[in-house]
Protein chains: 2
Amino acid sequence: MPPRPHPARDLREACVDQALAIIGDVGLEALSIREVARRLGVSHQAPYKHFPSSDHLLAEVVRRTYRQFSEHLEARPRSSHPGEDLKSMGEAYLRFAIDHPLHYRLLFGTPLPDPAAHPEMMAEARRAFQLLHEAIGHLKPPTSETDRQLDALFVWATVHGLATILQTAALDQIGLDKVVLAEALPHALHRIGKALAP
Amino acid sequence: MPPRPHPARDLREACVDQALAIIGDVGLEALSIREVARRLGVSHQAPYKHFPSSDHLLAEVVRRTYRQFSEHLEARPRSSHPGEDLKSMGEAYLRFAIDHPLHYRLLFGTPLPDPAAHPEMMAEARRAFQLLHEAIGHLKPPTSETDRQLDALFVWATVHGLATILQTAALDQIGLDKVVLAEALPHALHRIGKALAP
DNA sequence: TCCTTCAAGTAGACACTGTCAACATATGAA
DNA sequence: TTCATATGTTGACAGTGTCTACTTGAAGGA
């Protein structure tokens, strides 16, 4: 009788897993509560017993994706040299964006559910930014907290902007050399290094 | 008899105008062909005589928005000093993002129609990038075309990333000081200046 | 002048979506 | 045992994009 110790929890988990699978396979556009239910062989209303609305399902999916993202950044090759460590992080950031384009777009390229209504989702986002913040903290000589935040924002913006731009299919049409695309991140990291130098 | 010299053209234009109005008012989520038709007092199929699919309507809206964006950039205060001019452009870029958040998100924050299927849309996007490219060209001492493209990409990524991040409602929750938010662009532009210095 | 042709708009249908309401069932506590 | 609550099912409704079939009106050639 107890193959399902927590059947309810199970369905909730299964919904999130299926949603992630759909997004990874086909993209966010194809995600719908009914499709999730269909794949799980339950009625189209069953997921509503665990998520008040489709936004709540999406928020949970986003939360987990942020967590995966943070874990990916934390698993980067570490370096005791702060400058090298920051580069390593930039590379890990962009690698995630390239290896999981659909998941990355989920985080940064689509309208998210209202953040105020889903604080748990934002807690995970904050954690990712915290990682960058720390790496910057090691890099710079002791300075004001404001300055550190400003530099963290600067670095984040550059890497994130690059990831977004490189992912826009638009890019093929914009007429950039292949060399440029390949060199974009190293070059940007080099520029960042120069910008942050004492 | 001729109050409508080109009635067909009129409906097409009216559709695009209404779509832009809807996006500016309520946001992209509320945009639908049927809603456009409803506002115009025509049948739900009338727009299909001018746009093969809803993606084609969206692509046309995006194209116009790119054009507005380019025109906004071109109308920036010019400076004969290349460094100042680039800063002016960065400010104009961010100002557009702040003043027209919904339109900016349309360009850079939502899944666009397939670019390959809508080349006219991408032509306008290319034009916007071209403006930045030129500004960078004036800034740097004559160097390789590849280097110039790399730097253009670097600057674009930083400003675009900043615009995207600052717009994410997420930001309130991430715990940045207000001072940081206000100073983010000037600081980033300052860092860019340092990064690009000879 | 008449006839044809075609562009523009209308009307109805279909499958899909999110979500509400009503019902069924099972599990666990009193 | 009984009863409440959680979980799941079924059916409905309005909204969406898009297909097909129909009407209408204007232009152009015979």
Side-chain angles (χ1 to χ4, degrees), chain A residues 1-23 25-62 106 110-114 117-118 121, chain B residues 1-23 25-62 106 110-114 117-118 121:
Chain A
M1 162 232 292
R4 307 179 309 170
H6 288 287
R9 177 66 60 89
D10 276 2
L11 180 54
R12 187 187 154 90
E13 296 294 297
C15 284
V16 178
D17 288 347
Q18 278 300 327
L20 278 167
I22 292 173
I23 291 172
D25 284 355
V26 205
L28 180 63
E29 307 76 27
L31 178 62
S32 77
I33 280 207
R34 291 177 103 106
E35 176 62 22
V36 167
R38 208 173 292 127
R39 289 194 180 202
L40 292 173
V42 296
S43 77
H44 66 270
Q45 277 295 339
Y48 278 88
K49 298 298 170 176
H50 304 275
F51 303 95
S53 80
S54 64
D55 260 13
H56 285 77
L57 170 57
L58 182 57
E60 176 63 16
V61 168
V62 169
L106 174 64
T110 53
L112 293 185
D114 179 18
H118 305 277
M121 182 179 82
Chain B
M1 167 228 291
R4 306 179 308 168
H6 289 287
R9 178 67 60 91
D10 275 3
L11 181 53
R12 187 187 155 89
E13 296 295 297
C15 284
V16 178
D17 288 346
Q18 278 300 329
L20 277 166
I22 292 172
I23 290 172
D25 285 355
V26 204
L28 180 62
E29 307 75 27
L31 177 61
S32 76
I33 281 206
R34 291 175 104 109
E35 176 62 23
V36 167
R38 208 172 292 127
R39 289 193 180 202
L40 292 174
V42 296
S43 78
H44 67 271
Q45 277 296 342
Y48 278 89
K49 298 297 169 178
H50 304 276
F51 302 95
S53 80
S54 65
D55 260 12
H56 286 78
L57 170 59
L58 182 57
E60 176 64 14
V61 169
V62 170
L106 174 65
T110 53
L112 294 184
D114 178 18
H118 305 278
M121 182 179 82

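Below, read A as the first sequence line, B as the second, and so on, with proteins coming before strands; counting in each chain starts at 1.
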(request) Determine whether B:Leu31 and B:Leu58 make a side-chain contact, defined as any pair of heavy atoms from C-beta on separated by less than 4.5 Å. (result)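 Sidechains of B:Leu58 and B:Leu31: in contact.
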Where do N or O atoms of nucleotides 14-17 of chain D meet protein N or O atoms at under 3.5 Å, pair by pair?
| unit_1 | atom_1 | unit_2 | atom_2 | d |
| --- | --- | --- | --- | --- |
| D:dT16 | OP1 | B:Ser32 | OG | 3.2 |
| D:dT16 | OP2 | B:Arg38 | NH2 | 2.5 |
| D:dG17 | OP1 | B:Ile33 | N | 2.9 |
| D:dG17 | OP2 | B:Arg34 | N | 3.3 |
| D:dG17 | N7 | B:Arg34 | NH1 | 2.6 |
| D:dG17 | O6 | B:Arg34 | NH1 | 3.1 |

(request) Return the value, rounded to whole Å, for the distance between atom CG of B:Leu57 and atom C1' of D:dT18. (result)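 Spelled out: CG on B:Leu57 to C1' on D:dT18 is 14 Å.
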(message) In whole Å, I'd like the distance from the CZ atom of B:Phe51 to the P atom of D:dT18.
(response)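 Taking CZ of B:Phe51 and P of D:dT18, I get 13 Å after rounding.
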(message) I'd like to check the ring pair (Phe, Tyr, Trp, His ring centres under 6.0 Å) partners of A:His44; sequence neighbours left out, ordered by chain and number.
(response)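 For A:His44 there are no ring pair (Phe, Tyr, Trp, His ring centres under 6.0 Å) partners, ignoring immediate neighbours.
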(message) With rounding to the nearest 0.5 angstrom, report the OG to CZ distance, B:Ser43 to B:Arg38.
(response)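 It is 11.5 Å, given to the nearest 0.5 Å.
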(request) Return the minimal non-hydrogen interatomic distance between A:Phe51 and A:Cys15, and the atom names on each side. (result)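 Here A:Phe51 and A:Cys15 meet closest at CE1-CB, 3.8 Å.
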(request) Using a 4.0 Å cut-off on protein heavy atoms (strictly under), produce a 5'-to-3' string for nucleotides 21-26 of chain D with B for base contact, S for backbone-only sugar-phosphate contact, and - for none. (result) ------
(message) Is there a side-chain contact between A:His56 and A:Glu60 in this structure, where contact means two heavy atoms from C-beta onward sitting under 4.5 Å apart?
(response)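 A:His56 does not reach A:Glu60 side chain to side chain.
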(request) Take the protein atom CG of B:Asp10 and the nucleotide atom C1' of C:dG9, then report the distance between them rounded to whole Å. (result)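 After rounding, the reported distance stands at 14 Å.
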(message) Are B:Pro113 and B:Met121 packed together at the side-chain level, in the sense that at least one heavy-atom pair is separated by less than 4.5 angstrom?
(response)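 SC-SC contact between B:Pro113 and B:Met121 confirmed.
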(message) In whole Å, I'd like the distance from the NE2 atom of B:His50 to the P atom of D:dT18.
(response)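 Checked: the NE2 to P distance equals 16 Å.
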(message) When you compare the side chain of A:Arg39 with that of A:Ile22, does any pair of heavy atoms fall below 4.5 Å?
(response)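 Touching, per the 4.5 Å side-chain cut-off.
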(request) From the options B:Leu57, B:Leu106, B:Ile23, select the one residue that forms a side-chain contact (heavy atoms from CB on, under 4.5 Å) with B:Val62. (result)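 Answer after filtering B:Leu57, B:Leu106, B:Ile23: B:Leu106.
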(message) D:dT18, OP1 or OP2 - any side-chain N/O from B:His44 closer than 4.0 Å?
(response)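 Checking B:His44 against D:dT18: no side-chain N or O falls below 4.0 Å of OP1 or OP2.
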